[in-house]
Protein chains: 2
Amino acid sequence: MTEAPASPSSEPSVRPTSYDVAKRAGVSQSAVSRCFRPGSSISKKTKAKVLKAARELGYFPNAMASGLMTRRTGMVAVIISSLTNLYYPEVLAEITQRLSDKGARVLLFALRAESEVGEILEQVWRYRVDGAIVAAHLSPEQIRQFVRHEVPVVLYNRSGGDEPVSSVSCDSFGGEKLLVDKMVKAGHRSFGILSGPPDSFVGCERVQAAIDSLAAHSLNAAVASGNFDYASGRSGLAQLIEDAGGQLDAVLCANDLMAIGALDEARARAITVPDNLSIVGFDGVAPASWESYRLTTIRQPVRRMSAAAVEMILARIADPSCPPEARNFAGSLIEGASARLA
Amino acid sequence: MTEAPASPSSEPSVRPTSYDVAKRAGVSQSAVSRCFRPGSSISKKTKAKVLKAARELGYFPNAMASGLMTRRTGMVAVIISSLTNLYYPEVLAEITQRLSDKGARVLLFALRAESEVGEILEQVWRYRVDGAIVAAHLSPEQIRQFVRHEVPVVLYNRSGGDEPVSSVSCDSFGGEKLLVDKMVKAGHRSFGILSGPPDSFVGCERVQAAIDSLAAHSLNAAVASGNFDYASGRSGLAQLIEDAGGQLDAVLCANDLMAIGALDEARARAITVPDNLSIVGFDGVAPASWESYRLTTIRQPVRRMSAAAVEMILARIADPSCPPEARNFAGSLIEGASARLA
DNA sequence: TTGAAAGCGGTACCAA
DNA sequence: TTGGTACCGCTTTCAA
């Protein structure tokens, strides 16, 4: 029974083409094509015949073939640097589902290292994606390549610099300022900062934002370098404490994951949070709100940002002449229990 | 400067074709094609000329077009149910990177609800992916569709039932038995179980495994229903406690996320873990090892499982006649601090 | 509304 | 090793 019956060549068993359907329905191949292309002029009767035959044969139009003429693949490349960063899965899930809702498919590229970008981009050109959403570091030259290849692109949480590309991001400066102002007001004076990896755009931006916000209060801060993960949150706090020599009121972490690590490190050192040390993060990932952490942080409006990214890329695909746009969303302060705020 | 120079029609500015390259290199179009197809016979000299012209023009072969003749798109569909479940991002990252290393691209489908599977599968057929890795619930009929469409498939953490498809999974029975045996030996008698959502294959399997393992010790357990998330871990433990009326030694959670929720709930109720209550999970996600939780759990060998899935799907793509295979990996016990073990 | 035929951008087989 | 040519499966004029 598992043996495939030697089907007569007149009846194609798998992957039938529009010709097969046409023959079975007794119409021309063009008619079949029109049935699957919305807006084509076709009579109800013909359409019914064709759809019936298609169903019987298990026919689905070949997206590759149709893409050849239409110059539309229906695919959007999504390029993400670190899927393991707790924040990106949420973004990816949102973007994928929204694109899917709008009838677009996601060609996913996950970077292990920044050095892979070159090879990735080659694939992006080869697959003739209709557009791309990029949440990874691109050089100005790489951004220009998108323009040159006429592939609309939306950058996620990074700026396009001077290049004419769209972007959606969460306001780092506004967020850090919100945190810093409230903490200063609450009496904090000795600040430490835990940075992200140097090649992370938001990482650098947030650190700079924190420094600037503190400077506005004539305060400065020690910076320890982390890389966005739990372990570097722990070691980072350890280093800040060591460097500060007992003088440390507050730590601003470039993301939540490190803040969580820092919280655990503080706990391990029997430092009372927030009484003796305030720790804040940035992102608003799920674990930040878990009872054991209750992190004070800035929540990115992931859903709205993802919706914006999808909307923008689809708009530019539909009309490439539509000008690029940079949208910067404000994050919202989550008052957890990890910091004393004013 | 931003104005595109009206390029002479002799020099195509974007998306040049193999004909453009051929003309520029002074060779035939076939020669260009061969340059980009490994294993084709072509002289070094011609190849150099072609590659030079291609580089100058910014030419990359159109994957859609080549897919038409080769009947290979170079894409593997990855279908995942809940990207928000903390476990899947790890899997997705692993699979994507490994496929990428092997020269395959990922067409990603994320299900919001099981009801979407139908539409998703239609897209899978349309895009003529070379194969699929599925970590979502499929009905037997849907699994059969893969066979019918001759799309090799590897199921991830679910069984193919009677259908001839490959699968890779982590041994639920072995894992739960390991936990149960050690806990029983350590003196636990009153067990509670926190189940996953009913449509989750591993969820059900793990619950059944826990029940069976307990039965082997002539023990039974109360079951509270959860849905794999943090909140249901908290509420689930609350319910188990209520139902047990003071008699609860240990809780077996169908995944780590719920176990973490349960730990926090226990903490909120001032129940000392593991002295007065043992809580264990399943998966071995990153947060499970965070200092505040130190969850005792079974770690799935994510990397090996992902590697196996990729290897299996590529093998079946390369040789469709290669028989399906079910690979069941043993998980490893992580002795955290959330359970008293023998 | 319909069918015939010319592409779309490659691949593969063929003879040279 | 090369170039010519018939496809691959669909879309899109263009007449009928």
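Here is how names work: the chains are called A, B, and so on, in the same order as the sequence lines, proteins then strands, and each is numbered from 1. Keep in mind it's a predicted model, so treat the numbers as computed, not measured.
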Base, sugar-phosphate, or nothing: which does [X] touch, judged by heavy atoms less than 4.0 Å apart?
| X | value |
| --- | --- |
| A:Ser43 | sugar-phosphate |
| A:Arg128 | sugar-phosphate |
| A:Arg37 | sugar-phosphate |

Interface residues of residues 63-72 of chain B with DNA chain D (non-hydrogen, below 4.0 angstrom): B:Leu68, B:Met69, B:Arg71
Side chain to side chain, B:Arg128 and B:Arg71, heavy atoms closer than 4.5 Å: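 They are not in side-chain contact.
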Any donor-acceptor pair under 3.5 Å from B:Arg72 side chain to B:Ile317 backbone: yes
Side-chain donor/acceptor of B:Ser169 to backbone N/O of B:Asn328, under 3.5 Å: no
Divergence of helical axes at both termini of the helix from C:dT1-D:dA16 to C:dA16-D:dT1 - five pairs an end, 10° steps: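 For the helix from C:dT1-D:dA16 to C:dA16-D:dT1, the axes at opposite ends meet at about 30°.
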[atom1]/[X] to [atom2]/[Y] distance, rounded to the nearest 0.5 angstrom?
| X | Y | atom1 | atom2 | result |
| --- | --- | --- | --- | --- |
| B:Leu121 | B:Arg126 | CG | CZ | 13.0 Å |
| A:Arg148 | A:Trp125 | CZ | CH2 | 8.5 Å |
| B:Ile80 | B:Leu92 | CD1 | CG | 4.5 Å |
| A:Leu107 | A:Thr73 | CG | OG1 | 8.0 Å |
| A:Glu90 | A:Arg303 | CD | CZ | 10.0 Å |

Contacts of type side-chain hydrogen bond (donor to acceptor under 3.5 Å, both in side chains), residue B:Gln142, not counting sequence neighbours: B:Ser139
Residues, nucleotides or ligands: over 12 heavy atoms within 6.0 Å of B:Asp162 CG: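 At most 12 heavy atoms, drawn from other residues, nucleotides or ligands, come within 6.0 Å of this atom.
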Residue of the set B:Arg316, B:Arg327, B:Arg304 for which salt bridge (Lys or Arg N to Asp or Glu O under 4.0 Å) holds with B:Glu311: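 Looking at B:Arg316, B:Arg327, B:Arg304, the match for B:Glu311 under the salt bridge (Lys or Arg N to Asp or Glu O under 4.0 Å) is B:Arg327.
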Most 5' of B:Ser41 and A:Ser33 on DNA chain D, judged by nearest nucleotide: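 Mapping each residue to its closest nucleotide by heavy atoms, the 5'-most match is B:Ser41.
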For B:Ser306 against B:Ile95, the heavy-atom pair lying closest together: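 Closest heavy-atom pair between B:Ser306 and B:Ile95: CB-CG1, 3.9 Å.
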Which pairs of donor and acceptor atoms, one on a side chain in residues 32-45 of chain B, lie under 3.5 Å apart (sequence neighbours left out)?
from	atom 1	to	atom 2	distance (Å)
B:Ser40	OG	B:Arg37	O	2.8
B:Ser43	OG	B:Thr46	N	3.2
B:Ser43	OG	B:Thr46	OG1	2.7

Chain A contact limits on DNA chain C, taken 5' to 3' with a cut-off of 4.0 angstrom to heavy atoms: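 So the outermost contacting nucleotides come out as C:dT1 to C:dG10.
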Where chain A begins and ends its contact with DNA chain D, read 5' to 3' at 4.0 Å from heavy atoms: D:dG9 to D:dT12
